[in-house]
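Side chains are part of it too, since the values below use all heavy atoms of this structure and drop only hydrogens, waters and symmetry mates. These numbers come from a predicted model, not from an experiment. Whatever order the structure lists them in is the order used to number ligands and atoms, beginning at 1. Along the sequence shown, residues are numbered consecutively beginning with 1.
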Amino acid sequence: MKKILAFAGSNSSTSINHKLVEFVASQISEHQVRIISLINYSVPMYSEDEEKNNGFPGMIMGLKHDIADADALIISVNEHNGSWGAFFKNIVDWLSRFDRNFMEGKKILLMSTSPGKRGGLSSLEYAKSVFPRFGAEIVESFSFPSFYDNFSTTSGRVTEETLLLGLNEVLSTFAHQI
Ligand SMILES: Cc1cc2nc3c(=O)[nH]c(=O)nc-3n(C[C@H](O)[C@H](O)[C@H](O)COP(=O)(O)O)c2cc1C
């Protein structure tokens, strides 16, 4: 049984990416999944002056430790104007300054979702290009389109059959490869 750390790259209390992460985590029984909410990771905007004057925020050191402690990660990124929201970019900037290889050896299931038809695909593609720089291996990825048409926020489940099949396939590959 491997340890998986799961989170959404969002600071919204109603994050749809967080809901997707919760659903996906509920489908994994063969590994231990811990879900965290980055909304609790309130850190200043990165600047070289901030780093010089005040050092690294404790939250960032804690998150780096939690990532290091996991065998694999499930991350769902949101999309703001074709890329990550500034909140998640800021967290990743801090982590990368603290340790350039903060994802060393981590196998990742990367996801994204948005209310739109592309499901945050641009943001997912950006993550695909950036995470390997920090040492990650993206094992599987899934962009979940038109969130509110295909997911019930009442039951917390994917409602569209074809998407559910695709997601389960991706999950099964991920669970076997970690
Ligand atoms: C400033 C801003 C820009 C956005 N840009 C995009 C975009 O480029 N593509 C997209 O699919 N959705 C976009 N959205 C809608 C988000 O996908 C939507 O707010 C979603 O709920 C964000 O994910 P989250 O709830 O997990 O934070 C944008 C939302 C905001 C507030």
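Within 4.0 Å of ligand 1, protein heavy atoms come from Ser10, Ser12, Ser15, Ile16, Asn17, Asn78, Glu79, His80, Asn81, Gly82, Ser114, Pro115.
Ile39 is not connected to Leu73 by any chain of hydrophobic side-chain contacts under 4.5 Å among Ile, Leu, Val, Met, Phe, Trp and Tyr, and they are in different clusters.
Using a 4.0 Å cut-off between charged nitrogen and carboxylate oxygen, Lys89 and Asp93 count as a salt-bridge pair. Taking 4.0 Å as the cut-off between side-chain N and carboxylate O, Lys3 and Asp71 do not count as a salt-bridged pair.
A ring-centre distance under 6.0 Å is found for Trp84 and Phe131.
Side chain of Thr159 to main chain of Asn150: a donor-acceptor pair is present (N/O by atom type, distance under 3.5 Å, no hydrogens or angles). Of the possible polar contacts, none joining the Asp69 side chain to the His65 backbone as a donor-acceptor pair under 3.5 Å is found.
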